[in-house]
Amino acid sequence: MAYADIVIVNWLALLLGLVVTCQAQAGQLYLDAAGGVSLFQVTAHDGDYIQRDLPHDLSLKSAAYRVGVGWQFNERWSVQGSYINLGTIKQDARFVADEDYNPKLSQCLANCATAPPYKMTDAYRGWELTATRTFPFKNWSLFIKGGGAYLRHTFSIVRLDTASFHENKGRFYSAIVGGGVQYKWAYAELDYYISPGSPNSFMGH
């Protein structure tokens, strides 16, 4: 398997969480703290850090959290700036050399039984800035949000039988769209992170 530099992620994950914030009056600062789970989508082509004809185990769920502050202009509009940890995707897999694998047919051609084991992780952290439009009702409200994020990811791969280690780091921007429901000081939301660029990377949430 060739260890070329990993290509920047294209699709970024769904974040589902429960958020607790301190209540704020119009024109006041508030605290935003969220915890939940990221659901990742892998965008790597067959043969690029994954050979689908050989044993592999992907973990596509990860704990995630967000911590930040916001400014509420009125009962309808607010902005938030936060640190975001989208979690880590993990894979245990076996690889053969590139010449021993046909990615177009998803078929191992040689040395399949002796393919060495690898462990991979790809972790995503960064900062985001979003604006929220709230639709208030009597005791609860709906909201939609949008904005952008500056994210960093760290991809590492270890060959377990030799303990050889390889790591790449990347930085990129991501758009954010989301929404949810709020009741008093607590709310639940679903956010989607998407980054323009090549779809071919080990991860793409």
Side-chain angles (χ1 to χ4, degrees), residues 6 8-41 43 59-90 121-156 167-197 201-205:
I6 190 168
I8 293 301
V9 169
N10 185 24
W11 296 93
L12 274 171
L14 291 166
L15 173 65
L16 175 63
L18 175 66
V19 180
V20 179
T21 122
C22 59
Q23 290 182 312
Q25 302 298 321
Q28 288 192 357
L29 194 68
Y30 63 91
L31 173 67
D32 180 32
V37 60
S38 291
L39 307 175
F40 292 104
Q41 298 174 348
T43 59
S59 176
L60 299 179
K61 294 181 181 180
S62 180
Y65 66 86
R66 182 182 70 223
V67 178
V69 295
W71 182 265
Q72 184 173 343
F73 296 98
N74 52 50
E75 66 176 0
R76 292 180 175 83
W77 289 99
S78 61
V79 294
Q80 302 80 222
S82 306
Y83 171 79
I84 185 76
N85 183 324
L86 287 172
T88 304
I89 189 172
K90 301 175 183 178
T121 62
D122 207 358
Y124 286 78
R125 317 283 188 267
W127 300 89
E128 67 179 37
L129 180 65
T130 57
T132 299
R133 173 62 162 95
T134 301
F135 303 89
F137 297 93
K138 185 177 181 180
N139 295 318
W140 60 283
S141 60
L142 297 174
F143 64 91
I144 56 175
K145 64 186 293 187
Y150 175 71
L151 297 173
R152 297 169 297 165
H153 84 119
T154 302
F155 173 81
S156 64
E167 182 178 270
N168 275 321
K169 295 184 178 181
R171 301 178 181 183
F172 58 98
Y173 295 95
S174 172
I176 307 169
V177 292
V181 58
Q182 180 177 1
Y183 178 73
K184 295 183 178 180
W185 48 265
Y187 58 96
E189 78 179 78
L190 180 67
D191 296 327
Y192 185 63
Y193 294 74
I194 177 173
S195 178
S201 62
F202 175 59
M203 262 183 62
H205 347 319

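Contact detail for Tyr193 and Leu86: the closest heavy-atom pair is CE1-CD2, 4.0 Å. What you find for Gly68 and Leu31 is that their closest heavy atoms are O-CD1, 3.4 Å. Minimum heavy-atom separation, Tyr30 to Ser78: OH-OG, 3.4 Å. The two residues Ser141 and Pro136 make their nearest non-hydrogen contact at CB-CA, 3.6 Å. For the residue pair Val181 and Tyr187, the shortest heavy atom distance occurs at O-CB, 2.9 Å. For the pair Gly87 and Ser62, the tightest heavy-atom approach, listed with the atom from each and the gap, is CA-OG, 3.2 Å.
The line from OH of Tyr124 to OG1 of Thr88 is 10.0 Å long, rounded to the nearest 0.5 Å. Distance NZ/Lys90 to CG/Leu60: 12.0 Å, rounded to 0.5 Å. The distance from the NZ atom of Lys145 to the CD atom of Glu128 is 5.5 Å, given to the nearest 0.5 Å. Between Arg152 atom CZ and Arg125 atom CZ the span is 9.0 Å, to the nearest 0.5 Å.
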inquiry  = Quick one, Leu151 with Ile84, criterion side chain to side chain contact (heavy atoms under 4.5 Å, CB included). Give me CA distance, side-chain angles, the key distance, then yes/no.
reply    = CA-CA 9 Å; Leu151 297 173; Ile84 185 76; 3.8 Å; yes
ask   = Can you check side chain to side chain contact (heavy atoms under 4.5 Å, CB included) on Ile144 and Phe135, steps first, answer last?
value = CA-CA 9 Å; Ile144 56 175; Phe135 303 89; 4.1 Å; yes
task = Show your working on side chain to side chain contact (heavy atoms under 4.5 Å, CB included) between Thr154 and Glu167 and close with a plain yes or no.
result = CA-CA 7 Å; Thr154 302; Glu167 182 178 270; 3.7 Å; yes
task = Begin from the C-alpha positions of Trp77 and Arg133 and carry the test side chain to side chain contact (heavy atoms under 4.5 Å, CB included) through to its verdict.
result = CA-CA 5 Å; Trp77 289 99; Arg133 173 62 162 95; 3.5 Å; yes
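Using cut-offs of 30° and 60° for the angle between ring planes, the Trp127 and Tyr83 rings count as perpendicular. In this structure, His153 and Phe172 have perpendicular ring planes: the angle between them is above 60°, well past the 30° mark. Aromatic ring pairs are classed by plane angle as parallel below 30°, tilted from 30° to 60° and perpendicular above 60°; the pair Trp71 and Phe73 is perpendicular.
Side chain of Arg76 to main chain of Thr132: no donor-acceptor pair is present (N/O by atom type, distance under 3.5 Å, no hydrogens or angles). Side-chain atoms of Ser59 do not come within 3.5 Å of backbone N or O of Ile89 as any donor-acceptor pair.
Between Gln72 and Thr134 the shortest side-chain heavy-atom distance does not fall below 4.5 Å.
When only modelled atom types and interatomic distance are considered, Ser156 and Thr121 share a side-chain donor-acceptor pair under 3.5 Å. If you check the side chains of Thr130 and Gln80, you find a donor sitting under 3.5 Å from an acceptor.
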